[in-house]
Amino acid sequence: MTIAKYSANGNDFVIFHTFVKKEQNTLAKELCHRQNGVGADGLIVLVPHEKYDFEWQFYNADGSDAAMCGNGSRAAAHYAYKHGLASKSMRFLTGAGVIEAEVDGDIVTSELTPPKIINQDIEEFGKKWWLIDTGVPHLVGLVDTVDTFDLQEARELRYKFNANINIAAVKDNTLYVRTYERGVEDETLACGTGMAACFYRTNLEEKAGESMVVIPTSGEKLELAKKGNTLTLKGEVRHTFDAIMEREID
Ligand SMILES: N[C@@H](CCC[C@H](N)C(=O)O)C(=O)O
């Protein structure tokens with residue numbers, strides 16, 4: 001069967017669609033392995049749904065399930081349109097809820113489920129953190145510069161709060177973000193829901209307006225916007241290659 005490799009804002013994914021929904025945790029771990037597999041931050045499997053254009057199953061690189069992935073949602077929308085599974089405007093079901101997405105060439109916008117603030121009073125390592133759910137949980141710390149990111153500290157917080165860890169800094173009306181991701185267990189080149197959580201806190205603290213360019217570690221920009229209580233992510237998606245997997249998936 002054919003599997004597709006995608007890159008979106010710095011996150012990379014293996015994507016395929018199938019008619020039968022079944023757990024693919026082991027396959028995710030195999031395919032995402034950087035040395036022995038294709039290599040990716042996550043696996044996305046699209047399956048039919050009677051009410052929505054499709055339903056997705058999202059797996060992190062270590063095979064764990066995740067309810068949502070912002071950059072993955074944009075890559076999945078591109079894949080679905082390209083394979084005739086949905087029209088340019090689509091709605092699909094994730095573990096976090098229904099996601100709306102719009103494909104315009106290689107520019108894909110997705111609207112996340114409404115953000116929820118879980119805790120605004122976390123003090124750790126001399127920083128004040130907010131725990132925000134943008135589909136998956138993110139700790140957000142605002143810093144002066146993202147030039148350094150203490151991964152040992154991030155790892156400790158990740159296990160203490162079972163969340164992804166982000167630091168963010170505003171400079172020249174642009175938000176710079178670095179994220180340590182659960183399920184990859186390292187800093188990734190980007191994280192859409194993480195950037196959304198950072199933008200949300202920055203907006204609520206009046207350090208950002210209703211829209212902003214956000215730059216992750218990859219340097220690939222994402223445009224974030226807040227309309228009412230919804231957040232949208234807009235940016236480029238790249239279909240990097242297709243590959244044939246000898247093994248059949250049922
Ligand atoms: N990279 C994703 C987030 C993927 C899920 C995350 N690792 C988790 O387990 O919470 C994004 O772009 O949002």
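Heavy atoms only: backbone and side chains are in, while hydrogens, waters and symmetry mates are out. Start at 1 and go down the list; that is how both ligands and their atoms are numbered.
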Using a cut-off of 6.0 Å, state whether more than 12 heavy atoms not belonging to [X] lie near its atom [atom1].
X: D144; atom1: CG; result: no
X: E210; atom1: CD; result: yes
X: K127; atom1: NZ; result: yes

**Message:** Heavy atoms only: which of L222, N164, V184, N71 lies closest to atom 8 (C) of ligand 1?
**Reply:** N164
Could you list which atoms of ligand 1 come closer than 4.0 Å to a heavy atom of [X]?
X: N11; result: 1 (N), 12 (O)
X: G70; result: 11 (C), 12 (O), 13 (O)
X: T193; result: 3 (C), 11 (C), 12 (O), 13 (O)
X: V136; result: 10 (O)

**Prompt:** So, is A190 polar-close to ligand 1, with some N/O to N/O distance under 3.5 Å?
**Reply:** no
Can you pull out the closest protein heavy atom to [atom]? Residue, atom name and distance to 0.1 Å, please.
atom: atom 12 (O) of ligand 1; value: G192 N, 2.6 Å
atom: atom 9 (O) of ligand 1; value: N60 ND2, 2.9 Å
atom: atom 2 (C) of ligand 1; value: C69 SG, 2.9 Å
atom: atom 4 (C) of ligand 1; value: E181 OE1, 3.4 Å

**Request:** For T232, enumerate each residue passing the side-chain contact (heavy atoms from CB on, under 4.5 Å) test, keeping only those at least two apart in sequence or located in another chain.
**Result:** T109, E111, A225, K227
**Complete:** Heavy atoms of E181 and A190 approach each other most closely as OE2-O, 3.1 Å
**Item:** Min heavy-atom dist G183 to ligand 1 below 4.0 Å
**Value:** no
**Prompt:** Should M68 be listed as contacting ligand 1, given a heavy-atom distance under 4.0 Å as the test?
**Reply:** yes
**Request:** Among residues two or more places apart or on two chains, list those pairs meeting salt bridge (Lys or Arg N to Asp or Glu O under 4.0 Å) that have a residue in residues 184-193.
**Result:** R155-D186, R158-E185, R178-E187
**Request:** If the plane angle is over 60° it's perpendicular, under 30° parallel, otherwise tilted; pick one for W56 and F92.
**Result:** tilted
**Request:** Compare all side-chain heavy atoms of Y79 with those of V237 and state whether any distance is below 4.5 angstrom.
**Result:** no
**Prompt:** Taking the six-membered ring for Trp, are H17 and F54 ring centroids under 6.0 Å apart?
**Reply:** no
**Asked** Using heavy atoms and a threshold below 4.0 Å, how should the contact between A66 and ligand 1 be classified: side chain, backbone, both, or neither?
**Response** side chain
